[in-house]
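These notes are about the structure you will find just below.
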Amino acid sequence: MRSAPLFGVSSGVNELLQKVLAGQPRAVARLLTLVENSEVEAQTAVSHLYPHTGNAHIIGITGPPGAGKSSLVTALAKTLRRQGFRLGIIAVDPSSPFTGGALLGDRVRMRDLAGDRGVFIRSMASRGSLGGLARATSAAIQVLDAAGYDKILLETVGAGQAEVDVASAAHTTLVIEAPGMGDDVQSIKAGILEIADILVVNKADKPGADHTVKSLEMMLHLGPLGGTRHHGRVLAAPQMVAEKAKDAWQIPVLRTVAITEGGIELLAERVVAHRAHLLATGQWLARERARSEREVERLLQDRLLARLQTAVLPTEREVLLTAVAQRQIDPYTAADQLMALVLKKR
Amino acid sequence: MTAEERKPRILIAKPGLDGHDRGAKVIARALRDAGMEVIYTGLRQTPEMVVEAALQEDVDAIGLSILSGAHNTLIPRIMTLLAENDMSDVPVFLGGIIPPEDAEAMKALGVAGVFGPGASIDEISTFIWGVIRGE
Ligand SMILES: Nc1nc2c(ncn2[C@@H]2O[C@H](COP(=O)(O)OP(=O)(O)O)[C@@H](O)[C@H]2O)c(=O)[nH]1
Ligand SMILES: [Mg+2]
């Protein structure tokens, strides 16, 4: 692959980017901090690293708090390491909405991965983002991808609701459930089927695991196609149904005991098989396309909002909002007038 | 970017073999409540684990909770590993029961601060802001 020219980048940053491309952990850690703290740095880094990305298999791990996500990431990582893959792990935890602080505790469960040069673990605070990831998570993924990590395991916040963002950030999404967490078909969170490529019932050593597995299987078979996913969404259109046999991925429901690595070999096998499936059916590209679309749209939104801040004087904004509040103009008209100001060249 | 604009990232670890991490957890929560991002690694951390976590997480400071009196062996090792990784600029502070003469020895090794059980969270967080701003 052609090396990106590093025009317009200070020699310090240039050197850092080169070290990242060479896979130096300290440089990777530094760059992750830069992209996390500054949109400008993130843009510089991603624009230069992007030609060197696209090789990593991104695996999202989501599920309710305490289901065993961090433990499962650790067990899965150990198995994937034995297969020779280099692993990047990003574990997102919530920031406090009141103080902005965060307690990032996922490493506690990842002790067994310490001392392995082929694993890089980074904790990340959500910093107000909803949807289970942080704003900078996608830039962080690009950094780890460029640094040569083969598989990137992405643990979401796990706030309880279906964290749909992870499905667009990842190629393969694992939804983790555990027995005794309210696992009737009715109470299993809406949206899980739409985002899961692999369903995992962790804590299979605990009573009630069978019930959870059955509930999930029932839910899958109640779905439009009995548990298959195509091009990143559950199939609905009839012409796509015809493709089912050929292209569709059967969503497995797997039992694991993360703390003893029970069932992890099979999980790892399915994870690797899912990548092969995506590549063989052309769905890898479809997912990359969907991911790119979301990312570009998000950046465009940011830019439009930033432009709104600069293109509209606070007084102009105030006058319009007051007029809406006083019922002199309606909100649609106000929005149109603001839009006109944004689009007007100054 | 100034220190105020970005969140300080602090590693809180409990090196050594004793099985209590209540003190470390209290500090971790308090620093979170003071608006910091705290990476908490839990019990029984070897010096190698502490330094590896500090490196990967690119922390601004490392806080170590010491109860067992093992600081005389653990801390020199951690300081050596930090130096080997070109990370001597990352400030290290200790919390726990450390006799005054040992505290002096720790500072001679490059430890930036030593806090006894009586230290307040305000004191510790003011100290952290200070070392991050390079005061
Ligand atoms: N019995 C049992 N406990 C588990 C299993 N996996 C994880 N745990 C425990 O569940 C708790 C939460 O695990 P953690 O990985 O932190 O969950 P997370 O919040 O989803 O990341 C910890 O106390 C783990 O030791 C399992 O398979 N069986
Ligand atoms: Mg976790």
Side-chain angles (χ1 to χ4, degrees), chain A residues 16 19 24-41 70 87-128 134 136 140 143-144 147 149, chain B residues 1-15 21 24-60 62-63 81-90 121 125 128-129 132:
Chain A
L16 186 67
K19 286 181 177 170
Q24 287 188 22
R26 184 91 199 277
V28 171
R30 268 286 142 85
L31 190 60
L32 289 174
T33 305
L34 291 177
V35 303
E36 199 180 12
N37 286 336
S38 153
E39 280 287 316
V40 178
E41 305 277 14
S70 301
L87 307 174
I89 298 175
I90 300 174
V92 189
D93 274 318
S95 296
S96 157
F98 305 108
T99 65
L103 189 49
L104 313 174
D106 293 313
R107 286 189 92 102
V108 173
R109 308 269 169 243
M110 300 184 184
R111 231 178 153 269
D112 285 2
L113 301 174
D116 182 346
R117 299 274 300 175
V119 181
F120 186 100
I121 306 171
R122 181 70 172 222
S123 313
M124 210 173 198
S126 66
R127 297 193 179 175
V143 171
L144 291 176
Y149 293 98
Chain B
M1 187 171 288
T2 68
E4 278 86 353
E5 280 173 77
R6 66 190 188 92
K7 300 270 166 232
R9 288 171 67 83
I10 314 295
L11 181 75
I12 297 292
K14 171 75 191 71
D21 62 349
K25 277 184 175 155
V26 168
I27 294 287
R29 285 198 207 99
L31 295 179
R32 173 200 60 192
D33 294 341
M36 302 185 191
E37 291 183 351
V38 181
I39 294 99
Y40 181 68
T41 57
L43 285 170
R44 285 187 275 281
Q45 297 286 300
T46 65
E48 286 76 11
M49 287 173 176
V50 170
V51 173
E52 183 185 65
L55 185 150
Q56 293 178 349
E57 301 287 356
D58 191 30
V59 293
D60 298 298
I62 302 171
L81 286 170
L82 285 173
E84 280 174 17
N85 282 280
D86 197 19
M87 292 172 66
S88 294
D89 57 329
V90 183
I121 288 304
S125 101
I128 293 174
W129 279 113
I132 289 173

Side-chain (T99(A)) to main-chain (R32(B)) donor-acceptor, under 3.5 angstrom
yes
Nearest 0.5 angstrom please: L104(A) CG to M36(B) CE, how far?
13.5 Å
Is it the side chain or the backbone of I12(B) that comes within 4.5 Å of chain A heavy atoms, both, or neither?
neither
Beyond-backbone contact of I39(B) with R107(A), side-chain heavy atoms, under 4.5 angstrom:
yes
Mark yes or no for whether E48(B), through its side chain, and G115(A), through its backbone, hold a donor-acceptor pair below 3.5 Å.
no
For L103(A) against R29(B), the heavy-atom pair lying closest together
CD2-CG, 3.9 Å
Given 3.5 Å as the limit, does a donor-acceptor pair link the side chain of R9(B) with the main chain of T33(A), or not?
no
Contact class of V119(A) relative to chain B, heavy atoms under 4.5 angstrom:
backbone
Using every non-hydrogen atom in the two residues, find where D116(A) and E52(B) come nearest and quote the distance to one decimal.
N-OE2, 3.9 Å
For V108(A) versus Y40(B), what's the shortest heavy-atom pair and its separation?
CG2-O, 3.4 Å
At a heavy-atom distance under 4.5 Å, which candidate from A29(A), S96(A), G105(A) has the highest pair count against chain B?
A29(A)
Counting heavy-atom pairs under 4.5 angstrom with chain B, the leader among R109(A), R111(A), M124(A), R127(A) is R111(A)
Carefully, step by step, assess R122(A) and D58(B) under the rule side-chain contact (heavy atoms from CB on, under 4.5 Å).
CA-CA 9 Å; R122(A) 181 70 172 222; D58(B) 191 30; 3.6 Å; yes
One option among G101(A), P25(A), S95(A) has the most heavy-atom pairs under 4.5 Å with chain B, and it is G101(A)
Would you mind checking which part of A53(B) comes under 4.5 Å of any heavy atom in chain A, side chain (CB onward), backbone (N, CA, C, O), both or neither?
both
Atom CG of D89(B): over 12 foreign heavy atoms under 6.0 Å
yes
Engaged part of N85(B) at the chain A interface, taking heavy atoms whose separation is under 4.5 Å:
backbone
Salt bridge check, E36(A) against K7(B): does any charged N sit closer than 4.0 Å to a carboxylate O?
no
